[in-house]
Amino acid sequence: MARIARNIARSVLSREQMDGEGARVYRSIGSHALRNLDPFLMLDEFDVKAPAGFPDHPHRGFETVTYMLEGEFMHEDFKGHKGRIGPGDLQWMSAAKGIVHAEIPANDSRAHGLQLWVNLAAKDKMAEPNYQELPKEKVVHVSPEPGVDVNVIAGESHGAQSPVLTRTPTMFIDVKMRKGKTFEQQIPTDYAGFIYTISGSANFGGSKHISEAHHTLVLSENQGDHIPVESLSDDCHFVIIAGRPIREPIVQYGPFVMNTQQEIYQAFADYDRGRNGFEGAREWQSSIRDKWH
């Protein structure tokens, strides 16, 4: 049976906007140009310096994936979980039925990374919250050939399997390539996905779509089983993210993502009244929220 390569169906340039408190983000998925890409709700490339950040805020109904490229972020939630993540570190947080947390730069240096929002199926939206945190030393790495370096954040690449458990089946592959190198990533035929370009340039897909940095390249839904890449620069850096579509209604209002309008009303009521996972939420204040004020 002949193998079929995925092509690039669409290219969306990330647009700069402000989020949180003075935080600059470059958003593609979750913007007007690309509202969502089931099962993904949002992708931000954040580039933040103190005093900007993301002070105390709630979530329900999805997972946030934070992958640091440069600098450090501190985080703290209303259930006592806290820590910091630095370059190459990963936090995969399943907010599920309720999390209130803060994310603030750890120092006054540049904090640069990616945050992905992964939707949860209705059956998982009211599950217990969960964290998976991997320091860079525990992120699975593979080098298929000299000049090609791969971090397997979730899923599998070239025989290397990430230990991260994903409630919504998801793959997240970080790739750096030298000029003239080629790379091929297997992708399940039932996954929808995209490539996000961080730096450099390359030919992507069977149709050899040329792209430079800060673009979201939506993969074709042609049931292809792999995506080929040929690097055109020595600083080629991108991520490949794909997952199995949930194919359920999406109703989003700010930090809550549910299946119906009634469930959104319920989320706000639960948050206001401190119940169904938000016990103590309104009274809680993080210890890091005023670090830079």
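At least one side-chain heavy atom of Phe183 sits less than 4.5 Å from a side-chain heavy atom of Ile240. Within the 4.5 Å cutoff, side-chain heavy atoms of Phe73 are placed close to those of Pro105. Considering only heavy atoms from C-beta on, Val251 stays 4.5 Å or farther from Glu263 through its side chain. Using a 4.5 Å heavy-atom cutoff, the side chains of Val25 and Gln17 are in contact. Looking at heavy atoms from C-beta onward, Tyr191 lies in side-chain contact with Pro169 at the 4.5 angstrom threshold. The closest side-chain heavy-atom distance from Ser287 to Lys82 is below 4.5 Å. Here the side chains of Val229 and Phe238 are in contact, with some heavy-atom distance below 4.5 Å.
Between the side chain of Thr197 and the backbone N or O of His215, at least one donor-acceptor pair lies under 3.5 Å. Remark: side-chain polar atoms of Lys125 are paired, donor with acceptor, to backbone N or O of Gly61 under 3.5 angstrom. Side-chain atoms of Asp89 come within 3.5 Å of backbone N or O of Lys136 as a donor-acceptor pair. Under the 3.5 Å distance criterion, the side-chain polar atoms of Asp56 are left unmatched by any main-chain donor or acceptor of Ala102. Under the 3.5 Å distance criterion, the side-chain polar atoms of His57 are matched with a main-chain donor or acceptor of His101. Without hydrogens or angle criteria, Arg6 side chain to Ile227 main chain gives no donor-acceptor distance under 3.5 Å. Of the possible donor and acceptor atoms, one in the side chain of Asn7 sits under 3.5 Å from a partner among the backbone N and O of Ser207. The backbone N or O of Arg178 lies less than 3.5 Å from a partner atom in the side chain of Ser231, making a donor-acceptor pair.
If you take CG on Asp225 and CZ on Arg3, they are separated by 5.0 Å, rounding to the nearest 0.5 Å. Residue Glu16 holds its CD atom at 9.0 Å from CG of Asp47, rounded to the nearest 0.5 Å. Rounding to the nearest 0.5 Å places CG of Asp174 at 10.5 Å from OG of Ser157. Between the OG1 atom of Thr168 and the CD1 atom of Ile246 there is a distance of 4.0 Å, given to the nearest 0.5 Å. Atom-to-atom distance recorded for Ile8:CD1 and Ile195:CD1 is 4.5 Å, nearest 0.5 angstrom. The CD1 atom of Ile85 lies 5.5 Å from the CE atom of Met68; values are rounded to the nearest 0.5 Å.
Residues Gly98 and Phe78 approach most closely at O-CE2, 4.0 Å, considering heavy atoms. Summarising the geometry of Arg60 relative to Ala267, their closest heavy-atom pair is NH1-CA, 3.4 Å, with the distance given to 0.1 Å. Of all non-hydrogen atoms in Asn259 and Pro249, the two that sit nearest each other are ND2-O, 3.0 Å. Among all heavy-atom pairs drawn from His158 and Glu184, the shortest one is NE2-O, 2.9 Å. Across all their heavy atoms, Tyr196 and His214 have their closest contact at OH-CA, 3.5 Å. Heavy atoms only, all atoms of each residue included: Asn36 and Leu41 are closest at CB-CA, 4.3 Å.
Remark: Trp92 pairs with no residue by the ring-ring contact (aromatic ring centres under 6.0 Å, His included) rule, at least two apart or across chains. When the salt bridge (charged side-chain N to carboxylate O under 4.0 Å, His left out) test is applied to Asp77, no partner is found at least two apart in sequence or on another chain. For Gln115, the side chain to side chain contact (heavy atoms under 4.5 Å, CB included) test picks out Met42, Phe46, Thr64, Thr66, Glu103, Trp117, with sequence neighbours left out. Judged as a ring-ring contact (aromatic ring centres under 6.0 Å, His included), and not counting sequence neighbours, the contacts of His81 are His75, Tyr131. Taking Glu128 as the reference, Lys97 meet the salt bridge (charged side-chain N to carboxylate O under 4.0 Å, His left out) condition, with sequence neighbours excluded.
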(request) Could you give me the CA-CA distance, side-chain angles and deciding distance for Ser94 and Glu63, then say whether side-chain hydrogen bond (donor to acceptor under 3.5 Å, both in side chains) is met? (result) CA-CA 4 Å; Ser94 185; Glu63 301 185 317; 3.1 Å; yes
(request) Give the intermediate values and the outcome of salt bridge (Lys or Arg N to Asp or Glu O under 4.0 Å) for residues Arg282 and Asp272. (result) CA-CA 7 Å; Arg282 293 300 293 249; Asp272 284 337; 2.3 Å; yes
(request) Any chance you could lay out the side chain to side chain contact (heavy atoms under 4.5 Å, CB included) test for Gln266 and Phe256, step after step, and finish with the verdict? (result) CA-CA 10 Å; Gln266 187 67 52; Phe256 304 135; over 6 Å; no
(request) Go through Met171 and Ile187 one step at a time and tell me if the side chain to side chain contact (heavy atoms under 4.5 Å, CB included) criterion holds. (result) CA-CA 8 Å; Met171 60 184 294; Ile187 299 177; 4.2 Å; yes
(request) Tell me, with the steps shown, if Arg27 and Asp44 meet salt bridge (Lys or Arg N to Asp or Glu O under 4.0 Å). (result) CA-CA 5 Å; Arg27 182 165 298 168; Asp44 280 351; 2.7 Å; yes
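Glu45 and His112 form a side-chain donor-acceptor contact under 3.5 Å, judged by distance and modelled atom types alone. Using modelled atom types and a 3.5 Å distance limit, the side chains of Asp235 and Ser199 yield no donor-acceptor pair. Of the N and O atoms on the side chains of Glu212 and Ser201, not one donor lies less than 3.5 Å from an acceptor on the other residue. Side-chain atoms of Arg35 and Gln252 form no donor-acceptor pair, as typed in the model, at a separation below 3.5 Å.
Among the candidates Leu217, Ile29, Val12, the single residue satisfying the side-chain contact (heavy atoms from CB on, under 4.5 Å) test with Phe194 is Ile29.
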Could you give the side-chain donor-acceptor pairs of residues 146-156 under 3.5 Å, partners two or more places apart or in another chain?
from   : atom 1 : to     : atom 2 : distance (Å)
Asp149 : OD1    : His141 : NE2    : 3.4
Asn151 : ND2    : Tyr67  : OH     : 3.2

